[in-house]
Amino acid sequence: MSENVVHLHKHTNPPATDATPTVLTVVPDPAPAPLVPLWVRSGRAVRTAATHERTKSAARAVARHSLYTFNGGRIVARRTWDGKTGARYERMIRAAEVAGNLEVAEEWEERLQRFRAARHHRRMDLLHSPVDAAKSVAVGTGMGIGALVALGIVMAINNGDIADVITPLAATIEFIATVIRIVQIVWGPALTIGPFLALLALWAVGSKQQAAPAWSMPDHVRSGEGEPITPSIVVKALRDLGVPALRNAIKEMGDAGASMLGPIRIAGCGVEVDVTLPSGVSTNEVQNRRRKLAENLTRHEHEVFITIPTAARTVRLWVADSGALDERIGPSPLVTDETMTADYGKGRAPWGQDLRGDAAALSLYQRHLLITGLSNQGKTVALRSLALWLALDRSVEFLLGDLKGVGDWAMFDGRARVLIQGPTDEHVIQVAEMVEGAVEEMNRRIQAPPGTVFPALIVLVDEAQMAFMCPAKDEDKRPYGGSKANSRYFMAVRKIHNQGRAVNVLMWQGTQDPTDQNLPKLVREGAHTRASLALGTESQARMALGDKAVDGGAAPNMLRPGLDQGTLVVASSGIDIPAGQASLTVRTHYIDDDAAKAIIERAKALRDGVTTLHAIDRTDDDRDPLADIASVVGTAERVRTKDVLSRLGTLNTDAYGGWSFIDLKRVLDGTGAEPHKSDGVMVVVRDRLARALTNRDGEGSASAAE
């Protein structure tokens, strides 16, 4: 007997026929999950809440701010104790004795004796002060009452009422009573609020000093970002530097190495500390581990600078606040102060700021200049900012060669005597001949009578590596580039380096990515001021600044290309460098093209018009001296004869390089434009030259007509 089974689940693919028997399948419900006890669920919820990041942050914040208040009280108590006792002096004496510096120990002991004597004198004064105070109060009260009564008498006489005698006294008494009532009203709330204000003050002290354990700090501080520099952190960083002799010496010191450290001083956007190394540890062992030291101090490598001061076995550490070097400094005074002028002989160019935040100003007086660095690091802007300042001295002349040719120096058109712009070999040839013209001017000045003072002539070549690498040769097969004895540009620069300083003919060069080929040794060592932006290797740093500066801690190769734009390392006697250091790191002001144009317009307004030549005239035949004199005078109303001679020499060295005042007078005699005295100096007048040219041209036309 067959049974029909009925399926409770519908088939997705029903059978084709009804012949298949139907089977009934009963599927039981799944077993219920076991019930989790309430205490387990509560524990899980409590654990989740307790381990949540927000809970941790809140707990750290509560602990941090509580400890700020507690430790702030400790700091205030210690400061008070140090102010009332000689504890501070005794600590300094012990530290100096441990360091073996007996002179400093004696100095602090003398200060302690003076402090104790002054404190004893104050305590003796306290014995007499109550009596003196009582006398002062009695005398003051009597005089005050007398003055009030006298005022009342005057009022009574004036008003004819005897009662006015006590009116001032009564008003004073009423005022005192009012003050007492106000104090009575305020006293209660003040007693209630006062403790909270005191706790707030202690919290402020602790917060400023970050007087709380590291575990209670926010995440960015606990990870080391922005951690304040303290003596213990510096000692620990030195101990873990990987120098066995230094580590062992710190372990053996009774004060755990604190005697090595001088005071930690605020220095601009960071702190500075001198570290006296123990015997057996050399300064270069610390210098060579700059990256590890920076990481031990929770800083990036570019945020730690190591220099060598004058004291033996001492390194000076400057540690920047985290991220501070990535912020720009303020605008240049050349931009913000439109009344600023320059003084080549006595002034200093406002270049930027040093790492301490102090203004870095550079003296340009009789100093050849070299600025180098990798491409696109701010070399042209740094060089141009110095020229912009010097352009505000009306006596300074410029011969400019821009071998990049993208308009970085175009604003000097109308201020420079010569402005050559372009990257081709022809432009290099023009620049080489411009520098040779400056050599001729230098020789003319050298032959002048002793004691003659000449205005500054700045011969500036930007992208000078183009000149040294130029393969072009002249008709005599002499190369314009290179570093051999027959190289025209190289030899002209060397001559200016050798003798130009004495007659104020100065060579400024900007070059990039220095090598022995594009920046010869004799040229780079002839510069009195050498500055470098970011470089790739230490060998390039030595080329740029010299061995002495690099051995003393200068490290432009440690600057970050692309990030430390405008930051350069300077080695020069023209800038204030801390005693014992061989270089200074300067963050230069950025002056954009629009601001540079505005500065040059101010410079043009300070002096006579200048006719700028954009090429060196190499033709010698058929020159018109009178027309050339008129062209170099330009738009100026009158020009001194010696300036006319200088400009003529720049215009064409071969034709006018050897001219003297006699030659100039010979050409102008009989034309009506003869030199004459004005304000005690010989000058040539523009209007007279124009009339002379007009008359001559008119005579020439009449002769041609006849």
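Values below: all heavy atoms of this structure, side chains included; hydrogens, waters and symmetry mates excluded.
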For this session: Report the C-alpha distance between Asn376 and Gln565 in whole Å, list the side-chain angles of each, state the deciding distance to 0.1 Å, and finish with yes or no for side chain to side chain contact (heavy atoms under 4.5 Å, CB included).
Result: CA-CA 8 Å; Asn376 197 32; Gln565 288 182 329; 3.8 Å; yes
Exercise. Where do Asp593 and Arg384 land on the salt bridge (Lys or Arg N to Asp or Glu O under 4.0 Å) test, with the steps shown first?
Worked result: CA-CA 10 Å; Asp593 290 348; Arg384 189 177 67 182; 2.8 Å; yes
Exercise. What do the steps show when you test Lys521 against Glu525 for salt bridge (Lys or Arg N to Asp or Glu O under 4.0 Å), and what is the final call?
Worked result: CA-CA 6 Å; Lys521 178 181 176 65; Glu525 291 186 351; 2.7 Å; yes
Problem set entry | Worked check of side chain to side chain contact (heavy atoms under 4.5 Å, CB included) between Thr372 and Lys379 | CA-CA 7 Å; Thr372 187; Lys379 167 183 55 62; 5.6 Å; no
Exercise. Yes or no on salt bridge (Lys or Arg N to Asp or Glu O under 4.0 Å) for Glu637 and Arg686, after CA distance, side-chain angles and deciding distance?
Worked result: CA-CA 5 Å; Glu637 182 179 351; Arg686 180 194 61 193; over 6 Å; no
For this session: Quick one: do Gln287 and Asp551 satisfy side chain to side chain contact (heavy atoms under 4.5 Å, CB included)? Show the steps, please.
Result: CA-CA 9 Å; Gln287 280 185 299; Asp551 292 339; over 6 Å; no
For this session: Output, in order, the C-alpha distance, side-chain angles, deciding distance and verdict of side chain to side chain donor-acceptor pair (under 3.5 Å) for Asp628 and Tyr656.
Result: CA-CA 10 Å; Asp628 287 344; Tyr656 303 116; 2.4 Å; yes
Problem set entry | Derivation and outcome, side chain to side chain donor-acceptor pair (under 3.5 Å), residues Asn504 and Gln366 | CA-CA 6 Å; Asn504 286 327; Gln366 293 188 344; 3.3 Å; yes
For this session: Test side chain to side chain donor-acceptor pair (under 3.5 Å) on Thr307 and Trp318 and set out the steps.
Result: CA-CA 8 Å; Thr307 53; Trp318 185 87; over 6 Å; no
For this session: Show the numbers, then the answer: is there a salt bridge (Lys or Arg N to Asp or Glu O under 4.0 Å) between Arg542 and Glu538?
Result: CA-CA 6 Å; Arg542 293 184 181 275; Glu538 181 180 328; 2.9 Å; yes
Exercise. Given Gln465 and Glu463, is the side chain to side chain donor-acceptor pair (under 3.5 Å) satisfied, shown in steps?
Worked result: CA-CA 5 Å; Gln465 76 279 356; Glu463 304 297 339; 2.7 Å; yes
For this session: Using the side chain to side chain contact (heavy atoms under 4.5 Å, CB included) rule, take Gln430 and Val418 through it: C-alpha gap first, then chi angles, then the decisive distance, then the call.
Result: CA-CA 10 Å; Gln430 291 280 331; Val418 176; over 6 Å; no
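Minimum interatomic distance between Leu392 and Leu606 (heavy atoms only, all atoms of both residues): O-CD1, 3.5 Å. Between Gln509 and Ala464, the shortest heavy-atom distance links the atoms OE1-CB, 3.6 Å. In this structure, Ala382 and Ile371 approach most closely via the heavy-atom pair C-CD1, 4.4 Å. Closest heavy-atom contact between Leu668 and Leu689: CD2-CD2, 3.8 Å. A pairwise comparison of heavy atoms in Pro333 and Met340 identifies CB-CE, 3.6 Å as the closest pair. Of all heavy-atom pairs spanning Val632 and Arg417, the tightest one is O-NH1, 3.8 Å.
Annotation: the span from Met469 atom CE to Ser483 atom OG amounts to 10.0 Å, rounded to 0.5 Å. Summarising the geometry, atom CZ belonging to Arg524 is positioned 9.5 Å from atom CG belonging to Asn518; distances are rounded to the nearest 0.5 Å. Summarising the geometry, atom CG belonging to Leu545 is positioned 11.0 Å from atom OG belonging to Ser572; distances are rounded to the nearest 0.5 Å. One distance of note links CD1 of Ile420 with CG of Asp462; it measures 13.5 Å at 0.5 Å rounding. Atoms CD and CD1, from Glu601 and Ile599 in turn, are 11.5 Å apart once rounded to the nearest 0.5 Å. Taking CG of Leu362 as the reference point, atom CG of Leu390 lies at 10.5 Å (rounded to 0.5 Å).
Sorted by first and then second residue, the pairs that involve residues 352-380 and meet ring pair (Phe, Tyr, Trp, His ring centres under 6.0 Å), not counting sequence neighbours, are Tyr344-Tyr365, His368-His497, His368-His528. Counting only residues at least two apart or on different chains, the salt bridge (charged side-chain N to carboxylate O under 4.0 Å, His left out) pairs with a member in residues 557-567 are Asp326-Arg560, Arg560-Asp564. For residues 490-507, no residue pair satisfies the salt bridge (charged side-chain N to carboxylate O under 4.0 Å, His left out) rule, not counting sequence neighbours. Contacts classified as ring pair (Phe, Tyr, Trp, His ring centres under 6.0 Å) and involving residues 536-557 (residues at least two apart or in different chains) are not found.
Every residue meeting the ring-ring contact (aromatic ring centres under 6.0 Å, His included) condition with Tyr489, not counting sequence neighbours, appears here in chain and number order: Phe468. Under the side-chain contact (heavy atoms from CB on, under 4.5 Å) criterion, Glu436 pairs with Glu433, Arg488, Ala492, not counting sequence neighbours. Residues passing the salt bridge (Lys or Arg N to Asp or Glu O under 4.0 Å) test with Arg290, sequence neighbours excluded: none. Listed by chain and residue number, Thr537 satisfy the side chain to side chain donor-acceptor pair (under 3.5 Å) test with Ser539 (two or more places apart in sequence, or in another chain). Partners of Ala387 under the side-chain contact (heavy atoms from CB on, under 4.5 Å) rule, at least two apart in sequence or in another chain, are Phe398, Trp409, Phe412, Leu460, Trp508. Not counting sequence neighbours, the partners of Ala534 by the side-chain contact (heavy atoms from CB on, under 4.5 Å) test are Gln377, Leu559, Pro561. Evaluation of the salt bridge (Lys or Arg N to Asp or Glu O under 4.0 Å) rule for Asp408 yields Lys404 as partners, not counting sequence neighbours. Taking the side-chain contact (heavy atoms from CB on, under 4.5 Å) definition, one finds that Ile446 meets it with Met442, Asn443, Gln499, Val503, sequence neighbours left out.
Between the side chains of Arg367 and Ser573, a donor-acceptor pair is found at a separation under 3.5 Å.
In terms of modelled atom types and a separation under 3.5 Å, the side chain of Thr694 and the main chain of Ala690 share a donor-acceptor contact.
Between Gln540 and the options Asn557, Asp513, Thr515, a side chain to side chain donor-acceptor pair (under 3.5 Å) holds for only Asp513.
Salt-bridge annotation for Arg445 and Glu441: present, with a side-chain N of the basic residue lying under 4.0 Å from a carboxylate O of the acidic one. Under the 4.0 Å criterion applied to side-chain N and carboxylate O atoms, Asp343 and Lys346 are not assigned as salt-bridge partners.
Trp389 has its side chain within reach of Pro350: a pair of non-hydrogen atoms, C-beta onward, lies under 4.5 Å apart. In this structure, Val435 and Val461 have side chains that are in contact, with non-hydrogen atoms separated by less than 4.5 Å.
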